[in-house]
Amino acid sequence: APSPAHKGRAVGAPFPYRGTARYVAIMPLRFTTAGESHGPALVSVLEGMPAGVPLLAADVDAELARRQQGYGRGRRMQIEADRIEFLSGVRAGETLGSPIAMLVRNRDWKNWVDIMDPAPREADVDGPRKRRVTRVRPGHADLTGLLKYDRSDARDILERASARETTARVAAGAICKVLLREVGVHIGSHLVHLGGIDADRPDPLPDDLNAAADASPVRTLDAQAEARMIARIDAAKKEGNTLGGICEVVVRGLPVGLGSHVSWDTRLDGRLGQAMLSIPAVKGVEIGLGFETARRTGADVHDEIEAAAGRTRAGHVRRRSNRAGGTEGGMTTGEELVVRVAMKPISTLMRPLGTVDMATGEAAQAVAERSDVTAVPAMGVIAEAMAAFVLASALLEKFGGDSLRETQRNLDAYLTQLDERVER
């Protein structure tokens, strides 16, 4: 079989940047988002997606709806009904290979026009706009951002720092999920801990993980833990408090060899860690056993390997366990990729914590913006999206392709190569 093409394998291949000694790695996929929480809309732009990927607005809208679910969410989820509008990059139900731009309108904008209007208003010369924020919240970007960007109103910071921005991330990740699905890779998640309550993890996991998890108000697979979690959320709400938790992302169907061991920034587990830690309020990430590996001996950590004819995507071998969580040496092993993501409690409390009013320097109670009691169930959906982006990018680095069919051909050639190793 011919060796697979590597049109996208440019990571680590540096090029001069504006005639200086600085070098930049070329990534086959990139996305960027724009917009404020209470602005007119959010924008998501995804570049590098091959042409010919089947794509409908409904594919993205379904993921946006999943992001809005979950027991313990605030009134904002009742106001917004997120839907995307394709602005570019899609025609007749297929991607074109050009940048894909999507718009998600904020229905709440009509209530915030006076506060968030980009244009100056006559009233601005008379004093601050309504809903100015100077009583900064502990745990939020309010104070640090206000100081860093030299602002007098923390609303200039919190509107962008808001987790509302993750709507645009999920939109980009939804398209990456479609690409992965077309090559036999599927991503799901479920909640394994909330507010001090652990959920049992069934073994094996359901075939359709998201269908099973989404049927639960807190996206857990443990019915007994679900009831306790709901009661815990209700109690925290009465207290004016918030809760954090942990979700688990599981990826099936990955071929062995995505990522690389050769440079720090090409290691797949490192890139997954960065992506997950970029999610607002996420403070911890682990792959496989994660921190538990530090407490065990090598014999109780490393996965023994045995021959397994027919498992082409894993190189015709099998790990007898999956404590590594699907990566070794910064590369996929062909086993399930298992990533756990820890989210702290939301920093907006209805019974605010103590702070300083930055306008007066006096002690004060932090501002109480509208908020959720917990957003951990939704965080799982966001984590899926970030995993999808990292893995789709790694897939295109390995197999390249300006079109979906070219990417599929290159993947097929690689799988044929793995089969031929066994024959040899």
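Hydrogens, waters and symmetry mates play no part in the numbers below; they use all other heavy atoms, side chains included. Quantities reported herein were computed from a predicted structural model and do not represent experimental measurements.
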*asked:* Please check: side-chain N/O of T355 versus main-chain N/O of Q365, any donor-acceptor pairing under 3.5 Å?
replied: no
*For R405, look at atom CZ and say whether over 12 heavy atoms of other residues, nucleotides or ligands are found less than 6.0 Å away.*
no
*How would you list, by chain and number, every residue that makes a salt bridge (Lys or Arg N to Asp or Glu O under 4.0 Å) with E226, sequence neighbours excluded?*
none
*Should P206 and L221 count as side-chain neighbours, where that means a heavy-atom distance under 4.5 Å?*
yes
_Results of side chain to side chain contact (heavy atoms under 4.5 Å, CB included) for R267 - residues two or more places apart only_ = H261, D269
*Using modelled atom types only, decide if a donor and an acceptor are shared between the side chain of T242 and the backbone of I346 within a distance under 3.5 Å.*
yes
Give every donor-acceptor pair under 3.5 Å between a side-chain atom in residues 171-178 and any protein atom, sequence neighbours left out.
from: K177; atom 1: NZ; to: E63; atom 2: OE1; distance (Å): 3.0
from: K177; atom 1: NZ; to: E384; atom 2: OE1; distance (Å): 2.4

*State which residues pass side chain to side chain contact (heavy atoms under 4.5 Å, CB included) with R320; sequence neighbours excluded, sorted by chain then number.*
E304, E306
*Measure the shortest side-chain to side-chain distance between H186 and V251 over non-hydrogen atoms and say whether it is less than 4.5 angstrom.*
no
*Below 4.5 Å, heavy atoms only, C-beta onward: do V249 and V338 meet side chain to side chain?*
no
*Would a distance-only check, ignoring hydrogens and angles, find a side-chain to backbone donor-acceptor pair under 3.5 Å from T374 to G72?*
no
_Residue pair T407 / N410, side-chain donor-acceptor N/O under 3.5 Å_ = no
*Within the side chain of N210, is there an N or O that forms a donor-acceptor pair under 3.5 Å with the backbone of D214?*
no
*Partners of D61 by side-chain hydrogen bond (donor to acceptor under 3.5 Å, both in side chains), sequence neighbours excluded?*
none
*Which pairs with one or both residues in residues 142-158 pass salt bridge (Lys or Arg N to Asp or Glu O under 4.0 Å), sequence neighbours excluded?*
R137-D142, R151-D156, R155-E159, R155-E369
*Using modelled atom types only, decide if a donor and an acceptor are shared between the side chain of T166 and the backbone of A163 within a distance under 3.5 Å.*
yes
*Those residues that, when tested against R319, pass salt bridge (Lys or Arg N to Asp or Glu O under 4.0 Å) (two or more places apart)*: E328
*asked:* Quick one about S403 and R409 (side-chain donor to acceptor, distance below 3.5 Å, no hydrogens or angles considered), yes or no?
replied: no
*asked:* Checking R323 against T293 for the side chain to side chain donor-acceptor pair (under 3.5 Å) test, could you report, in this order, the C-alpha distance in whole Å, the side-chain angles of both residues, the deciding distance, and whether it holds?
replied: CA-CA 8 Å; R323 297 160 181 161; T293 60; over 6 Å; no
*S216 side-chain N/O to A213 backbone N/O, donor-acceptor pair under 3.5 Å*: no
*Does atom CD of Q224 have more than 12 heavy-atom neighbours, drawn from other residues, nucleotides or ligands, at distances under 6.0 Å?*
no
*Mind checking whether R129 and D117 have side chains closer than 4.5 Å, heavy atoms only?*
yes
_Tell me whether R67 contacts the main-chain N or O of I382 through its side chain, where contact means a donor paired with an acceptor under 3.5 Å._
no
_For a 4.5 angstrom cut-off between non-hydrogen side-chain atoms, does H38 reach W109?_
no
*Is there a side-chain contact between L391 and L395, using heavy atoms and a 4.5 Å cut-off?*
no
*Is the backbone of T333 close enough, under 3.5 Å, to the side chain of T327 for a donor and an acceptor to pair up by distance?*
no
Atom pairs and distances, side-chain donor-acceptor, residues 229-241, under 3.5 Å, sequence neighbours left out:
from: R232; atom 1: NE; to: G195; atom 2: O; distance (Å): 3.3
from: D234; atom 1: OD1; to: Y71; atom 2: OH; distance (Å): 2.6
from: D234; atom 1: OD2; to: Y71; atom 2: OH; distance (Å): 3.3

*Is there a donor in the side chain of S278 and an acceptor in the side chain of R169, or the other way round, less than 3.5 Å apart?*
yes
*R105 vs E85, salt bridge (Lys or Arg N to Asp or Glu O under 4.0 Å): CA-CA, chis, key distance, verdict*: CA-CA 9 Å; R105 299 187 186 276; E85 301 172 32; 2.7 Å; yes
*Between the side chain of K344 and the main-chain N/O of G139, is any donor-acceptor distance below 3.5 Å?*
yes
*Sequence neighbours left out, what passes salt bridge (Lys or Arg N to Asp or Glu O under 4.0 Å) with R83? Give chain and number order.*
none
_Check: E248 side chain, H190 main-chain N or O, donor-acceptor pair, under 3.5 Å_ = no
*Taking only residues at least two apart or on different chains, which pairs with a member in residues 346-365 satisfy salt bridge (Lys or Arg N to Asp or Glu O under 4.0 Å)?*
none
*Please report the C-alpha distance between R252 and E336 in whole Å, then the side-chain angles of each, then the deciding distance to 0.1 Å, and finally whether the salt bridge (Lys or Arg N to Asp or Glu O under 4.0 Å) criterion is met.*
CA-CA 5 Å; R252 294 162 167 161; E336 286 186 352; 2.9 Å; yes
*Partners passing ring pair (Phe, Tyr, Trp, His ring centres under 6.0 Å) against F31 (at least two apart in sequence or in another chain)*: F389
For a quick test of your reading: what N or O donor-acceptor pairs under 3.5 Å do the side chains of residues 91-98 make, sequence neighbours left out?
from: T95; atom 1: OG1; to: P50; atom 2: O; distance (Å): 2.6
from: T95; atom 1: OG1; to: G52; atom 2: N; distance (Å): 3.3
from: T95; atom 1: OG1; to: V53; atom 2: N; distance (Å): 3.0

